[in-house]
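Please read the structure below before turning to the comments.
In this text, all values refer to a predicted model and were calculated from it rather than measured experimentally.
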Amino acid sequence: MATDVEEWKAEVYGTDIREHVERFAEEGWASIPDEERDAWFERFKWYGLYHQRAGQESYFMMRIGTPGGVLEPGQLRVVGEVAKEYATGPVSNPEFGDAWADFTTRQSIQLHWIKVEDIVDVWDELESAGLSTVQACGDSWRNIVSCPVAGKDANEHVDALATVHEFQREFKENDRYRNMPRKWKVAVTGCREGCGQGDINDLAFEPASKDGVDGYNVRVGGGLARNEPRLARDIDVFVPHERAAAVADGMSALFEEYGNREDRYSARIKFLVDEWGAEKVRRVLEEEFVDFELQSAGEGFRESYSYNAGRDGDGHDDHVGVHSQADGTNYVGLNVLVGRMGVDDVLELADLADEYGSGEVRLTQRQNVVVTDVPDEDLDDLLAADLLDDYEPDPSPFMRGSIACTGTEFCSLSIVETKNRMVRYARHLRDTVSLPDEVEDFHVHLSGCTASCAQPQIADVSLRGMKTRKDGEPVEAFDLGLGGGLGENPRFADWVGERIPADEVPGAIANLVETYEREREGAETFRDFVERHDESDLEDLVEPEETSYEDPMMHNTKRTWYPYAEDDDMAASPAPTDGDGVPLDAATGDDSAPADD
Amino acid sequence: MKVNAYTTLDLVDCRVRTADDEAAGLGVANATSARENPEHVRLRFEADGQPEGVAAHVDELELDPEQARALAADLESHAAKVEAARSGEHGD
Ligand code: HEM
Ligand code: SF4
């Protein structure tokens, strides 16, 4: 028998959802019947809307998908304007103010505190700029990720952006794949550095050549979730650039046909690949889902992959800094700590991109932004702009390497505070811990639960939310992993430190760095250093310790209605509220109105 | 085990014993049933630390509804007993 979610999807799904959202927007939050909320919120995900967690009822997170992370000239400004007008909650965030935009690990944008009453207005503004929230969440083709500088990079092998645009047209702006068994994450890489991160996606196109033809090798079945991470498996297929869509189509159809709809838990292609093996995936793809003979894999570039790799070498680990484009101009990568940018800064960035570049801005999978098309003669002026004091092109490794997911601030699955904590960690580490001079990259990825949205398993230091007891009291804590990274030989971290109280994590990292500095051999990177040790040695290297770092969020933030509210008690929540943010008093019924109305 | 805000106990004191050794520490416990057509209640437990010679593992009970209720009832009654004893200690 099909699951609830499958039944809800069978009733109303895809673009049919829109007219209902329009009705709810018109009639207000209270018009969504209580007993239908679960079903509607599940369907809303297809349109990029997630209902926020308990204590924040009637507020939504909205995800805007930007294919390949590309924001065309003018689009970032609209994002900033929409965020400023609509993405404000009842209480501000102490680090980021009243409104902000989140740039995510899948090159998307997330806004919070959106009211159902405003959704249609927000869509109108976004759509007028060519932006879309369609299929940003839910069981569908998710935002297609790629090298953020595809089509610009001086050393690119194939133009991944052309492929991304083709996929976008064929599979997202099209009802064919509007209803998959589960989410479907696709990555297209065209460069020699591996910055599409295909290894952790359901379907990966990797740059390759065969018999003088440029195109992609195909890998299938990667992903980080459920505490069962998998690397995408090589299915020994090369496809020419212009035929990539036929293979993407075939793999999507294969997943649609054989993906397990009975059990959402196992309905990811990674488990199908486990079960079948790569050879059978290839055979079934060829026999049933494409109408040409598949070629065996071509010559790829994996040995030069440097992105998020933690190895020594020429390629870059991220896109921060000034780099040359093929057309003689430059792109400038700016570090956005934990991917969150206050709205005024977003608008200022849009101005700078207009003034010194083409107006285009791109988002990376490391939660950073890239201003493209900056001519040599404008570089110094851009680099001298005040905004770059906060979003640096040349930051401390700890600032640059930090990634954090949403956490207890908005996410119902989280057991710890994440983004603001990672901001505090990064600043503390920058100010108190020194790395060897030539080390530019030190990645710390922090996730609030095992869903792994911050990609913790592929960092130098992996942090995953937990609980522990300290001085008798339950406190927020982290499991700590070491040894993860992508590159030619990707590996997931081993979880070698358990339940470290959140206020002792910076001390644990400082001690790790100190040991590394003392014991490294030559120019060994941290990842190489870690790989030289076995698991029990690594356990001994993890020495949690209190330091001058103080953590104001040690208590159980998942039980607050909002961790940063002065009165954070669940009972003090103003939610649900009406379209103007006025609490709807459940006791007086749905049609209650402010007294002066 | 996956651990998130829906996990029943993300923090529980526990002890794992073998004939020769014992590890005391913290663990995770979760009571669930399959999302669709559940056939039994699943009670899972995983300890952080293990005694000598025991590999990291998860223990799982498959309880039919009657067994789950029997367990819940016993837990309730012992919880009441412990609470009563505690209030006796402190209240005077
Ligand atoms: C209400 C629940 C959830 C929320 C609010 C949420 C939020 C997010 C966010 C914010 C990101 C981007 C991370 C960033 O850059 O900030 C993300 C990506 C991701 N999400 Fe979730 N998430 C939720 C549930 C889940 C669940 C249940 C899973 C696993 C089944 C999951 C797996 C992932 C993974 C693996 C990524 C990142 C890696 C990738 O893109 O492959 N998330 N999610
Ligand atoms: S990793 Fe967990 S806590 Fe963080 S956003 Fe994803 S689901 Fe939420």
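The one candidate from B:L11, B:V12, B:V3 that meets the side-chain contact (heavy atoms from CB on, under 4.5 Å) condition with A:K467 is B:L11.
Of all the heavy atoms in B:A5 and A:S412, the pair that sits closest is CB-O, 3.1 Å.
Enclosure of atom CD in A:E35 by more than 12 non-hydrogen atoms of other residues, nucleotides or ligands within 6.0 angstrom is indicated.
Ion pairing between A:R499 and B:D10 fails under the 4.0 Å rule for side-chain N and carboxylate O.
At a 4.5 Å heavy-atom cutoff, the contact between A:T468 and chain B is made by backbone and side-chain atoms alike. If you measure heavy-atom distances from A:R469 to chain B, the contacts under 4.5 Å come from both the backbone and the side chain.
With rounding to the nearest 0.5 angstrom, the CG atom of A:L413 is 9.0 Å from the OG1 atom of B:T7. In this structure, CE on A:M466 lies 6.5 Å from CG on B:D48, to the nearest 0.5 angstrom.
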